[in-house]
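Lettering of chains follows the sequences in order, A, B, ..., and the numbering in each one begins at 1.
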Number of protein chains: 2
Amino acid sequence: MSKDASLKFHMNLGMLIRSAHNSMTERFVQNVFNSGLDISMDQWMVLGPIWQLESPSHKDLGEICLRDKPTITRIIDSLEDKSLVVRVSDQIDHRIKRVVLTKAGKQLFYDVLPIMEKTREEVRGEIPEEQIEIFKNVLSKIIKNLNS
Amino acid sequence: MSKDASLKFHMNLGMLIRSAHNSMTERFVQNVFNSGLDISMDQWMVLGPIWQLESPSHKDLGEICLRDKPTITRIIDSLEDKSLVVRVSDQIDHRIKRVVLTKAGKQLFYDVLPIMEKTREEVRGEIPEEQIEIFKNVLSKIIKNLNS
DNA sequence: ATATTTTAGTTGCAAATGCAACCAAAAAAA
DNA sequence: TTTTTTTGGTTGCATTTGCAACTAAAATAT
C-alpha cells in the first residue's frame, strides 16, 4: 500500500473544512470586536434569519441554521438576555414560540451587516465567483449525500 | 435594502460548512461503530498522519491536522490510554515528543482504512472529481486568505 | 370523551474546545 | 558563562457542544 494514496483525500477534507470554518468565525468575531460591537457568530447566524423571516419559530431557525433544538434554545436565551429579541407564544399553537427582534436587535443587525459584508470579502479574497458557486454547490451536495 | 440580497452568501456559507463537517464526522463515527471498532474522528485524524510520518512530533501533527497544541496533547493522551501510540522523547532535542504507533495502533489503522474509504465514497456520492478538486482548492484558499 | 402519540421547546449533565498560564529544554544575546 | 528569549508541550478553567430525558400542548386513535 502506498503511503499516501487513498489516505489523503478524506483526511484532508475534514481537516480543511474544520480549519476553514474556524478561521471564518474567528475573523468575523474579530471584525465585530474591532467595530466595538458585541455579538457572537452563533448569535449572528440566528439574528439574520430572524430578521429575514420576521417571526420564525425555533423549529424554523433550527432548519435554516442547521442546528439542533437545544442549541437554538440557548442562542435565543442569550439573545433575549441581551434584549435583542423576545419570545412570543404562537396565538393558535401554544407549543410554538416565535422569535421577534426588538428595536435594539434590529439596530444591531443593521450595524453588523457591513461587518459581515467585509468579512465575506476577506474570506473570498481573489477566489473567482464561479469557484465559490461550485464550492457552495458541493457543500450542499455533500450534506444531501449524507442525509438520505 | 432587499431582504436577502447581501445577506445570503456569508450566512449560508458558514452554516453549510459546519453542517457538512458535522454530517461527515457523524457518518464516519457511525460507520466505525457499525464495524465494531472504536475510534473517534479526532483520533483517526491524528492516527493517519502518525502512520504516514512514522514518528511525528506534536508540532508536526498540529500543523498537518490544523489543530492547536492542547488539542493534540489531549488526542495523543487518549490514544496512549488506548495503547495505540506511545510518546518518545526526541534523542537530541529533549523538548520534542515523538509519537509512534504500537502494534495495536497499526492494526487499528489498517482496520479503519476501508471504513474511511467507504465513508469517503458516501460523502462524495455523484459529485464529479473536478468539482471536488475545486472544492478542496477553495477551502485551502479561504484558509490562506484568512491567515495573512 | 379519554387515552396515546407526536411535536415544540427546555433542562441537565458529561464530554469537547479554546485560551491563557505554565514548565522545561534549547537557542540567542549579553 | 550567565541571562533572556523562544520553542515544544502540558494543565486548568471557563465556555460550548451534543445527547438524552423531560414537560407541555396538539393531533390522532380508541
We want to know whether A:D111 and A:Q107 form a side-chain donor-acceptor pair, criterion being a heavy-atom distance below 3.5 angstrom. yes

Assess whether a salt bridge exists between A:R120 and A:E117, defined as any Lys/Arg side-chain N lying under 4.0 Å from an Asp/Glu carboxylate O. yes

Test of understanding: clusters of I, L, V, M, F, W, Y form through side-chain heavy atoms closer than 4.5 Å, transitively. Do B:I39 and B:L61 belong to the same one? yes

Intra- and inter-strand pairs of DNA chain D in dot-bracket (Watson-Crick or G-U wobble, both distances under 3.5 Å; | for another strand): ||||||||||||||||||||||||||||||

Geometric class of the B:F135/A:F135 ring pair [parallel <30°, tilted 30-60°, perpendicular >60°]: parallel

Scan residues 75-88 of chain A against DNA chain D and write down, sorted by residue number, each residue with any heavy atom closer than 4.0 Å; if none is found, say none. none

Contact span of DNA chain C against chain B, any nucleotide atom under 4.0 Å from a heavy atom, 5' to 3', runs C:dT17 to C:dA26

So does A:Q91 have more than 12 non-hydrogen atoms from other groups sitting under 6.0 Å from CD? no

Quick check on DNA chain C: between A:D93 and A:N22, whose nearest nucleotide comes earlier from the 5' end? A:D93

Could you pick out which residue, B:T73 or A:I92, lies toward the 5' side of DNA chain D when each is mapped onto its nearest nucleotide? B:T73

Provide the closest heavy-atom pair for B:A104 versus B:S83 in the form atom of the first, atom of the second, distance. CB-O, 3.9 Å

My understanding is that only residues two or more places apart in sequence, or in another chain, count here; which of them pass side chain to side chain contact (heavy atoms under 4.5 Å, CB included) with B:K82? B:D38, B:Q43, B:L84

Comparing A:R67 with B:H58, nearest DNA chain D nucleotide closer to 5' gives the residue B:H58

So, are B:K141 and A:E126 salt-bridged, with charged N and O less than 4.0 Å apart? no

Can you sort out the partners of B:K59 under side chain to side chain contact (heavy atoms under 4.5 Å, CB included), two or more places apart, ordered by chain and number? B:S57, B:E63

May I ask you to say what B:S57 touches in the nucleic acid, namely base, sugar-phosphate or nothing, with a heavy-atom cut-off under 4.0 Å? sugar-phosphate

For the residue pair B:Y110 and B:W51, does the interplanar ring angle fall in the parallel (under 30°), tilted (30 to 60°) or perpendicular (over 60°) class? perpendicular

Contact pattern, 5' to 3', of nucleotides 19-24 of chain D - B, S or - by protein heavy atom under 4.0 Å: BB----

May I ask you to say what A:R18 touches in the nucleic acid, namely base, sugar-phosphate or nothing, with a heavy-atom cut-off under 4.0 Å? nothing

Under the side chain to side chain donor-acceptor pair (under 3.5 Å) criterion, do A:R87 and A:H58 qualify, and how do the steps go? CA-CA 10 Å; A:R87 270 184 254 240; A:H58 283 206; 3.3 Å; yes

